[in-house]
Amino acid sequence: MPNTVRTIRSSLPTAAWWTVCVCLAVAFVYPLYVMLAMALKGPAEQGLIPPSLVPHAPGLENFRHLASVQGLNVFGNLGNSVLVTVAATLGTVVVATLAGYALARARFPGSNLVFFVILATFMIPFQAIITPLFMVLKTLQLNNSLLGLTIVYITFNLPFGLFIMRNAFATVPMTLEEAAQVDGCGVFSALRNVLLPIVLPGVITTALLTFFASWNEFFAALILITDQDKFTLPVTLTLVSSGQFGSINWGSLQAGVALTIIPCIVIYVLLQRYYVSGMLSGALK
Amino acid sequence: MTSTTTPLAGTAPARPGPAARHRPRMRASRRRQLVGLAMAAPAIVLIAVFFLTPLLLTFWISLHNWPLMGRRRFIGLENYTRALADTNFHTALGFTLLYTAVITPILFLLGLGLALLVRRRVRAAQVFQSIFFMPVCIGLAAGSFLWLYLGQSQIGPLFDLLRRVGLVGADDNIFASRWPALLMVVAMVTWKVVGLQMLLLLAGLQSIPDDVLEAARIDGAGRWQSFLHITAPLLRPTLALVLVFSVAGSLLAFDQFYIMTGGGPSNQTITAVYQVYRTSFTSFKLGYGAALSVFLMLILAAVSAVQMLLLRNSDHN
């Protein structure tokens, strides 16, 4: 008898822990469920008061409607987002890897100053320099262009990527590279064949952080792009939500939100390990 | 750049004889420097053109009356003196501070709570940790549009929940009054970013050696006592980091208010960045907008300085 009492008493905290955790998990997932449910609801069901929890007749009508919201092609804008994000991710990875290697391994006079200045840009919010950035882009005829936006995203993500890549290269033993050079490798082939596989986690982390930052970026895209057909997805949503004749199609808006969020969730689930460690290493330094 | 490295690359394979070993090595190290410079060049150019130039331009523009079109005029510090007396800017700054003051303790306490919850060394704890962290990867804009629907009058599911428990009336509009709108934004941002705070605090908690807590337990310290006297002080660098993350993020808030409240009702939820945006891109007063930006930078620099101070003090203990 005292044994069962003890069992109950010791399992009580565990039961409470499970209850709290499950409740919280439901609360965290609930908005995403609501988004999906609304995106799949038909026009008649969208305006129900109170809203239905489960769609009665789920369909893709809201997604189809996105192709023709008031002269706006949301799928074209989805393509813009993919283009800018992929280009910015590749660009950041290449530029950060090259510079990270240089600053860790092939130092030159002034390389410490370069690293210091690039780190110092961490302290300055890009929101504060957006107006002159707009003017610089205009001078270079890169305003209102996806190429210009891509370059801006590469620049914004560079300090972080460079920091990660420099640290990644700094941990590789020097002897490994020397051995490769004795075997006749040049700097670039040693970098590609010997070092790159070792710093791959850093590369993945840089790529992931740039991907999420560019895919989700709103403020710069809102200001630097003015043509509707060049909008990226998050900015497009402002037009979907501004509504036709003053009434908003909430189903289509949630379909657009789902298009924006689902790729992030998929990539998060697949590459969680790298993302989490990257966030930590970036924050804790 | 390539023209300087190619001829040197051509000389590299020549094997140095024992007598001539000294000179090629000098050349090799010089060559390595040049290669390094060439490899760092794209990063240097990007940062110089698209970050440092706009940064310097911000200060230059802020000294001018600089409309989008038409003639600009040097006016010295007039934009700054004007900003100091601008009630719209004061209101925006005040609201930004209010938002920061509301959300920072919420994020911190919830983040700490979640970190303590998922600290258990069981597999389920890791699964819950992944779930709580998931919204971090979602964009602030997408999250705002999602929660705009959640809290929408009558048709929003969260509105419906709040109505059922009696927190809002059936005809209320959450986004039409200041505090409810602010709290809705706070709820959205908490959902989106608290996972990061949890993660940082968890890393801080795990860096505290178990034997220190074990020793305290043997000495008769209760759970609460050891948390207060051992965990909390050792956690101080992490606390400083988490606080700065949330303060800096909140001071720069824009997306969530632009999307969820549009700055309304009657401009009561305009943040500092939002005010800069309106000044530069709605009123096209670029010079004045730049001066406001400089104030923003100064405030954030002060936050960074406080962080350094907090971190340094924790080293002494």
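A note on names: the letters A, B, ... follow the listed sequences, proteins ahead of strands, and every chain is numbered from 1. Computed over heavy atoms, backbone and side chain alike; hydrogens, waters and symmetry mates excluded.
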In terms of heavy-atom pairs under 4.5 Å, which option from B/Trp147, B/Trp66, B/Phe128 contacts chain A the most? B/Phe128

State, yes or no, whether a side-chain contact exists between B/Ile155 and A/Gln46 at a heavy-atom distance under 4.5 Å. no

Where does A/Ile265 contact chain B at under 4.5 Å (heavy atoms): side chain, backbone, both or neither? both

Side chain, backbone, both or neither of A/Leu140 within contact of chain B (heavy atoms, under 4.5 Å): side chain

By a 4.5 Å heavy-atom criterion (distance strictly below it), what part of A/Val276 contacts chain B: side chain, backbone, both, or neither? both

Looking at the rings of B/Tyr274 and B/Phe257, which for Trp means the six-membered one, are their centres under 6.0 Å apart? no

In terms of heavy-atom proximity below 4.5 Å to chain B, should A/Leu158 be classed as side chain, backbone, both, or neither? side chain

Using a cut-off of under 4.5 Å on heavy-atom pairs, state which of A/Leu237, A/Thr97, A/Ile49 scores highest against chain B. A/Leu237

Heavy-atom pair count under 4.5 Å with chain A, highest-scoring of B/Leu55, B/Leu150, B/Leu117: B/Leu117

Relative to chain A, which segment of B/Val294 carries a heavy atom at a distance below 4.5 Å: side chain, backbone, both, or neither? neither

If I measure from the heavy atoms of chain B, does A/Thr121 come under 4.5 Å with its side chain, its backbone, both, or neither? both

Let's test your reading of the structure: which of B/Phe254, B/Phe159, B/Trp60 forms the most heavy-atom pairs below 4.5 Å with chain A? B/Phe254

Non-hydrogen atoms of chain B under 4.5 Å away: do they reach the side chain of A/Tyr275, the backbone, both or neither? side chain

Treating B/Gln256 as the side-chain partner and B/Leu140 as the backbone partner, does any N or O pair qualify as donor plus acceptor under 3.5 Å? no

Heavy-atom distances under 4.5 Å only: say whether B/Thr58 touches chain A with side chain, backbone, both or neither. both

Taking the side chain as C-beta and beyond, is there a heavy-atom pair between B/Tyr149 and A/Leu253 under 4.5 Å? no

Region of A/Phe212 that comes under 4.5 Å of a non-hydrogen atom in chain B: side chain

Looking only at heavy atoms and a cut-off of under 4.5 Å, which of B/Ile138, B/Leu52, B/Leu68, B/Val276 has the most pairs with chain A? B/Ile138

At a heavy-atom distance under 4.5 Å, which candidate from B/Ala40, B/Cys137, B/Gly156 has the highest pair count against chain A? B/Cys137

Portion of B/Phe145 that has a non-hydrogen atom of chain A nearer than 4.5 angstrom: both

Would you mind checking which part of A/Leu209 comes under 4.5 Å of any heavy atom in chain B, side chain (CB onward), backbone (N, CA, C, O), both or neither? neither

Just checking, any donor-acceptor pair under 3.5 angstrom between side chains of B/Ser246 and B/Gln197? no

With a 4.5 angstrom heavy-atom cut-off, is it the side chain or the backbone of A/Leu233 that approaches chain B, or both, or neither? neither

Heavy-atom cut-off 4.5 Å, strictly under: side chain, backbone, both or neither for A/Val235 against chain B? neither

Tell me, for A/Leu142 versus chain B, whether the close heavy atoms (under 4.5 Å) come from the side chain, the backbone, both or neither. side chain

Does any N or O in the side chain of B/Thr271 come within less than 3.5 Å of the main-chain N or O of B/Ala253, such that one atom is a donor and the other an acceptor? yes

Would you call the rings of B/Tyr277 and B/Tyr258 parallel, tilted or perpendicular if under 30° counts as parallel and over 60° as perpendicular? perpendicular

Under 3.5 Å, is there a donor-acceptor pair between the side chain of A/Trp215 and the main chain of A/Thr260? yes

When heavy-atom pairs shorter than 4.5 Å are enumerated against chain A, which of B/Pro42, B/Ala142, B/Ala272 gives the highest number? B/Ala142

Name the region of A/Ile154, side chain, backbone, both or neither, that has any atom closer than 4.5 Å to a heavy atom of chain B. side chain

